[in-house]
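To start, the structure itself, in C-alpha cells.
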Amino acid sequence: MSEPLRDRAPSLRRRLMLFVLGAVCLAALLQGVSAYRTALAEADAIFDYQMQQTALSISGATPGARHVMPEELELIIQGWSLDGLQLFAPPPRARLPQRAVMGFADVMGEDGRAYRVLSMQTGGQVVQVAQELAVRERLASRLAWRTITPIALVLPVLLLVVGWVIRQSLAPVERVRRQLSQRAAEDLTAVSEHGLPVEIRPLVRELNSLLERMRQAFEAQQHFVADAAHELRSPLTALKLQIEGLQRAGDEAARAQARSRLAAGVDRASHLVEQLLLLARQESGRGTAQALALEPLLRRVLAEQVGAAQARGIDLGLLRADAVQIMGWPDALAVLLRNLLDNAIKYSPEGGKVDVLLLDEGERARLRIEDSGPGIAPEERERVFDRFYRSAAAQTQAGGSGLGLAIVKTIAERHAAHLQLERSEALGGLRVDLVFNKT
C-alpha cells in the first residue's frame, strides 16, 4: 500500500525538472522562432540591397553586354530606354510585366510565378531587376537555419546542465532523508545543518525542534511511568496487607475495622490513579485555547468546594472577583482551581479560613488563594511542585498523593501563567498567586 502512495506523491525533483526544462525549451523555441524571423527579415533586406546594387551597376551599360551575377541569386534583368526601346531582355523562361512600377514591388508574372521586382530610372534608362520569391525564400530559409542551428545544438547540453544543477541542489535534502532513514526509532538527536543551503535550514531547524520536543516528551513519559510504578507499589502493597488482615479477622469488630481500612486504602489508591491520569492528560496539552471569562468559572468551582469546607468548619469566601477574560482551556483551569482550593481546605485547621481574590491588574489578571494552614517552608516552595513530593506539613495529612501542585504547575505553564507561593500576611498560612495575561 505504501509503495503506490509514494509513487503517486508529487516529486519535487520531477516538478523542478519538468518546469525548468519546459521553461528552457520554451525559451529556446521562442529564441529560435525570433532568430528565424529576424534572419528572414535580414535576408530580405540583404537581397533587396543586392538587387539595388545590381540595378545601379548596370545603369548606363551597353545594351546586350554580359553582366556577371551570383548564380545562386537567380536575378532577372530587363531595361528600356526612355522612348520605350527594350535594351535588356529577360530570359525566355521569365515573363515579367512590361510596365515598370518604380521602386520595390511583389508582382505576379505572366508565367504564374511570384517575383520581387525593383524598377529604377537612372542614366536615361529604366532598369528592372527581379527575383523569384520562391528562390528568395529558399535562400533566406537557408540563412535562417544556419542562425538557429547553434541554438538547437546547445539546447541538449543546456538541458543536461540544468538537470545536473537540480540534482546537486537537492542533494542536501536527500542527505537529510538518508540520515533520518538510517536512524533507530529511539534516536531523537538533532539533524546536522552542516552544508545545508539557507532555504532548507529553517525546515531542518523546525524538524530538530520537533525532535527535541519529542525527546523531552519521551523522557517525561519514562519518568512518569517510573514514578507511577514506584508510587503505586506502596498503596497496592497496603491493599494486599489489608485484605490479608480482613481474612484473618476473628470477630465482627476486627472485620469491620479491616473493612474500614481497606475502603480507605482503596480510596487513596483511586485518588492516586485519578491524579496520575489527570497529570498525564494535562501534560499532553491537547486542544485549542479559547477566550473565557475567569470569574464565572471561579464561582462554579468555589460552589463545588463549599460542602468540603463546611464539613470542616472552614470559612471559604470570595472577597473580590473582577470580570477578566483570558485565553485558556476551561476544563484544565477548573482542575487547577479545584486542586488549589482542595489543598487550602485540606491543610487549614478545622474552623480555619480560606480567602479567594480575582483581581484585574490592567494587562494581567491575578488569582490569589490564602489559607490559615501551616503553610510551606521557604526551602520547600520549589520542591513541592515535583511529582510525589510532600512537604513536612503535608506528610502529617493522610490521603495526599503529592501530585496536586505538580498538576497545578503543569496547567499554569500551559497557560503561560506565573505561579508563586508565599506566606499569607493576612491569614498566616500559604498564599498562592497566579498571574495570567489577559486577552
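- In terms of modelled atom types and a separation under 3.5 Å, the side chain of His415 and the main chain of Thr410 share no donor-acceptor contact.
- Thr38 contributes a side-chain N or O that, together with a main-chain N or O of Ser34, makes up a donor-acceptor pair within less than 3.5 Å.
- Remark: Leu29 engages Val33 in a side-chain contact (heavy atoms from CB on, under 4.5 Å) (not counting sequence neighbours).
- Residues passing the side-chain contact (heavy atoms from CB on, under 4.5 Å) test with Thr439, sequence neighbours excluded: Gln325, Met327.
- Taking a cutoff of 4.0 Å between a charged side-chain nitrogen and a carboxylate oxygen, Asp342 and Lys346 qualify as a salt bridge.
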Checking side chain to side chain contact (heavy atoms under 4.5 Å, CB included) for the pair Arg423/Arg431: CA distance, chi angles, key distance, verdict? CA-CA 5 Å; Arg423 181 179 179 276; Arg431 187 186 74 194; over 6 Å; no
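- With Arg116 as reference, Asp48 is the one residue of Asp44, Val129, Asp48 to meet the side-chain contact (heavy atoms from CB on, under 4.5 Å) rule.
- More than 12 non-hydrogen atoms from other residues, nucleotides or ligands lie less than 6.0 angstrom from CD of Glu379.
- Residues Val335 and Asp331 fail the side-chain proximity criterion, which asks for heavy atoms closer than 4.5 Å.
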Show your working on salt bridge (Lys or Arg N to Asp or Glu O under 4.0 Å) between Arg383 and Glu380 and close with a plain yes or no. CA-CA 5 Å; Arg383 295 198 60 193; Glu380 291 186 302; over 6 Å; no
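- Heavy-atom neighbours of Glu382 CD from other residues, nucleotides or ligands within 6.0 Å: at or below the threshold of 12.
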Under the criterion side chain to side chain contact (heavy atoms under 4.5 Å, CB included), I'd like the reasoning laid out for Arg364 against Lys438: C-alpha separation, chi angles, the key distance, then a yes or no. CA-CA 5 Å; Arg364 294 178 176 83; Lys438 291 170 54 180; 5.5 Å; no
If you apply the rule side chain to side chain contact (heavy atoms under 4.5 Å, CB included), what do you find for Leu359 with Leu367, and how did you get there? CA-CA 6 Å; Leu359 309 175; Leu367 172 67; over 6 Å; no
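- Between Leu419 and Val408 there is a side-chain heavy-atom pair separated by less than 4.5 Å.
- Residues that satisfy the side-chain contact (heavy atoms from CB on, under 4.5 Å) test with Gln53, not counting sequence neighbours, are Tyr49, Leu56.
- Of the inter-residue distances, the one linking Leu294 atom CG with Ile326 atom CD1 reads 5.0 Å to the nearest 0.5 angstrom.
- Here the CG-CG distance, from Asp371 to Asp355, works out to 9.5 Å after rounding to the nearest 0.5 Å.
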Apply the test side chain to side chain contact (heavy atoms under 4.5 Å, CB included) to residues Val191 and Leu211: give CA-CA distance (whole Å), side-chain angles for both, the deciding distance (0.1 Å), then the verdict. CA-CA 9 Å; Val191 178; Leu211 291 175; 4.2 Å; yes
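- Other residues, nucleotides and ligands contribute over 12 non-hydrogen atoms within 6.0 Å of the CZ atom of Arg201.
- Among all heavy-atom pairs drawn from Asp433 and Arg366, the shortest one is OD2-NH1, 3.5 Å.
- One distance of note links CG of Asp360 with CZ of Arg320; it measures 8.0 Å at 0.5 Å rounding.
- The only option from Val356, Leu357, Leu430 that meets the side-chain contact (heavy atoms from CB on, under 4.5 Å) definition with Glu370 turns out to be Leu357.
- The heavy-atom pair separating Pro330 from Leu297 by the smallest distance is O-CD2, 4.0 Å.
- Distance check, rounded to the nearest 0.5 Å: CD of Glu295 to CG of Leu358 gives 7.5 Å.
- Residue Leu434 holds its CG atom at 5.5 Å from CG of Leu336, rounded to the nearest 0.5 Å.
- Using modelled atom types and a 3.5 Å distance limit, the side chains of Arg205 and Ser209 yield no donor-acceptor pair.
- Atoms NZ and CD1, on Lys409 and Ile411 in that order, are 13.5 Å from each other to the nearest 0.5 Å.
- We find that Arg381 and Glu422 are joined by a salt bridge, their nearest charged nitrogen and carboxylate oxygen being less than 4.0 Å apart.
- When all heavy atoms of Ile345 and Gln305 are compared, the pair lying nearest together is CD1-O, 3.8 Å.
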